[in-house]
Protein chains: 2
Amino acid sequence: MAATARGREEALPALAEVFREHGYEGASLFLISQATGLGKGSLYHFFPGGKAEMAAAVVAEIDAWFERHVFAALRDTRRPREDIAAMLEAVDQYFGTGRRVCLVGLFALGDARDAFTREVHAYFARWVGALADALVRSGNGRAAATALAEETVGAIQGAIVLTRALDDPGIFGRALQRLRSRLGLERR
Amino acid sequence: MAATARGREEALPALAEVFREHGYEGASLFLISQATGLGKGSLYHFFPGGKAEMAAAVVAEIDAWFERHVFAALRDTRRPREDIAAMLEAVDQYFGTGRRVCLVGLFALGDARDAFTREVHAYFARWVGALADALVRSGNGRAAATALAEETVGAIQGAIVLTRALDDPGIFGRALQRLRSRLGLERR
DNA sequence: GTCTATAGATCGATAGAC
DNA sequence: GTCTATCGATCTATAGAC
C-alpha cells in the first residue's frame, strides 16, 4: 500500500488503516511492517512501546483530527446550524460513506477495550458534548439537545455497522439524510 | 464462569461469551478452554474445524436464536405493532441494555469479516427485512418502512457502541425509548 | 471422550552489524 | 536509522495414553 514511510508521523496513516482493517489483535507486526514499509527495527525505533504505543499514537491522531476538523467547528458560537451541517459532511467524507470503520468505535466494542477505555470515553464524550452544546445554541433545550446528540452519534456508528454488514453505502447516506432532517438542517 | 460443559450444545453459550468479550482474534483456545471447562482435546472433538468452526457454530446459534425470538415474532401478521414492541423488549433483554456486545455487529466491523461475510449479511438483512415488513403491515408505505427499519437496527447497533464507550446503560434505554416513539408504539 | 504433551507456526520484541 | 537474525512466549492444532 504505502511507499516507505520516512518517519513516525508519515507512518501513522498506514498504521491506522491496518488497525481499522484488522483490529488490534489482528494487526500483526508483519502486516504493520508491510503497510508502512518499515522494518521491525524502524518500527521499534519510532515506537519503543511496541504495538500498544503504535495503537495509542493512532488513537491520539484520530482524536486530534476529530478535535480539529469535527468538534472544533461545533464550538463556533455564531452559526451552529451551519457548523452541524459541516460536521455531518466531514463525517461522511472521513468514514467514506460508511465503508470505513470507526477505529474508536471498534475499540469500544472490545477489540482493545481495557487498554484504551479512557481515550474511547473521551472521544465520544467530547463528540456528544460538543454537538449537544451546538444544538443548545441553535435553540434546543438542554435535555432535547443531549438526546439529539446521542441519537446522532449513535446513528452514525450504527450506520457504519449496517453499511459494512450489508455492503451498501446507501444505508450510510440515507442515515445522514435522516439526521439532517431531524437536526433541522434541511435546505431552506 | 461455566461448570464443565457436557457436550457441544452446552458449550455454545460460554463460547459465545468469549468471542463477544475478546473478539475472534482475541479469543484464544486457552480462554475458550477456561470458559467452557473443556480441554483442547474435547474442544477439537466437538469442533474438528477448530476455532473457525467454533465461531461459526456460535454465529449460527445466535442467528437461530434471533430468528426464533426476534424475527419470527415480527412475521405474525395480526398485530404488527405489538410484535415490534416485543422485538424491542427482547433486544433490550438480549443486549443487557447495551452492556453486551452484538457479536454479529462486531464481526461486521472487521474482527472476522472475511470469514463470515455471508452470515453477517444474512443476519442483518433478515432483521431489517422482517421489521420493514411488519412496518408495512402496520400501515407504513414500503419506502418509509424500509427507512424506519434501517434506522431502528442502526440505532440499536450504534447505541451498543455508545453505551460501552461511555459506560452508561441509560444511553441504550433512551435510544429504545426514542425508537418506540418513532415507530408509533407509545403507550396509548 | 478427555487428558497431557507437544508439534509447528507465528507472535511481539530485542540484539547487533552496518 | 535500518537491516537481518533470532529470542522466548504464545498461538492453533494434533498425537497418543488412558
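Every chain is numbered from 1, with letters handed out A, B, ... down the list of sequences.
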Sequence neighbours left out, cut at 3.5 Å: what donor-acceptor pairs do the side chains of residues 68-75 of chain B make with other protein atoms?
from, atom 1, to, atom 2, distance (Å)
B/H69, ND1, B/W65, O, 3.2
B/H69, ND1, B/W65, NE1, 3.4
B/R75, NH1, B/E67, OE2, 2.6

Which pairs would a plain distance check flag for residues 21-32 of chain A, meaning a side-chain donor or acceptor within less than 3.5 Å of a matching protein atom at least two apart in sequence or in another chain?
from, atom 1, to, atom 2, distance (Å)
A/H22, ND1, A/V18, O, 3.4
A/Y24, OH, A/A52, N, 3.4
A/S28, OG, A/L31, N, 3.2

Under 3.5 Å, sequence neighbours excluded: what are the donor-acceptor pairs made by side chains of residues 101-108 of chain A?
none

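We find that NE2 of B/H45 is positioned 16 Å from C1' of D/dG16, with the value rounded to whole Å. Computed from coordinates, the B/L31 CG to D/dT10 C1' distance equals 12 Å when rounded to whole Å. Following rounding to the nearest Å, A/F46 (CZ) and D/dT2 (C1') show an atom-to-atom distance of 9 Å. Following rounding to the nearest Å, A/L43 (CG) and C/dA15 (P) show an atom-to-atom distance of 17 Å. Rounded to whole Å, the distance from CD on A/E10 to C1' on D/dT2 is 16 Å. Between the P atom of D/dT2 and the CD1 atom of A/I32 lies a distance of 16 Å, rounded to the nearest Å. In this structure, CG of B/L38 is placed 13 Å from P of C/dT4, rounded to the nearest angstrom.
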Using the 3.5 Å cut-off, write out each protein N or O paired with an N or O of nucleotides 11-13 of chain D and the distance between them.
from, atom 1, to, atom 2, distance (Å)
D/dT12, OP1, B/A27, O, 3.4
D/dT12, OP1, B/K51, NZ, 2.9
D/dT12, OP2, B/L29, N, 2.7
D/dA13, OP2, B/Y44, OH, 2.6
D/dA13, OP2, B/K51, N, 3.0
D/dA13, O5', B/Y44, OH, 2.9
D/dA13, N6, B/K40, NZ, 3.2

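Looking at heavy-atom distances under 4.0 Å, A/G41 makes contact with a base.
Listed by first and then second residue, the side chain to side chain donor-acceptor pair (under 3.5 Å) pairs involving residues 149-161 of chain B are A/R174-B/E150, A/R182-B/E151, B/E151-B/R182 (not counting sequence neighbours). Counting only residues at least two apart or on different chains, the side chain to side chain donor-acceptor pair (under 3.5 Å) pairs with a member in residues 41-56 of chain A are A/R8-A/E53.
Using a cutoff of 4.0 Å between basic side-chain nitrogens and carboxylate oxygens, B/D83 and B/R137 are not scored as salt-bridged.
Judged by the 6.0 Å distance and 45° axis criteria, A/R100 is positioned over the aromatic ring of A/Y94.
Residues passing the salt bridge (charged side-chain N to carboxylate O under 4.0 Å, His left out) test with B/D63 are B/R126, sequence neighbours excluded. Listed by chain and residue number, B/E17 satisfy the salt bridge (charged side-chain N to carboxylate O under 4.0 Å, His left out) test with B/R20 (two or more places apart in sequence, or in another chain).
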How does DNA chain D read in dot-bracket, base by base from 5' to 3', with Watson-Crick or G-U pairs under 3.5 Å and | used when the partner is on another strand? ||||||||||||||||||
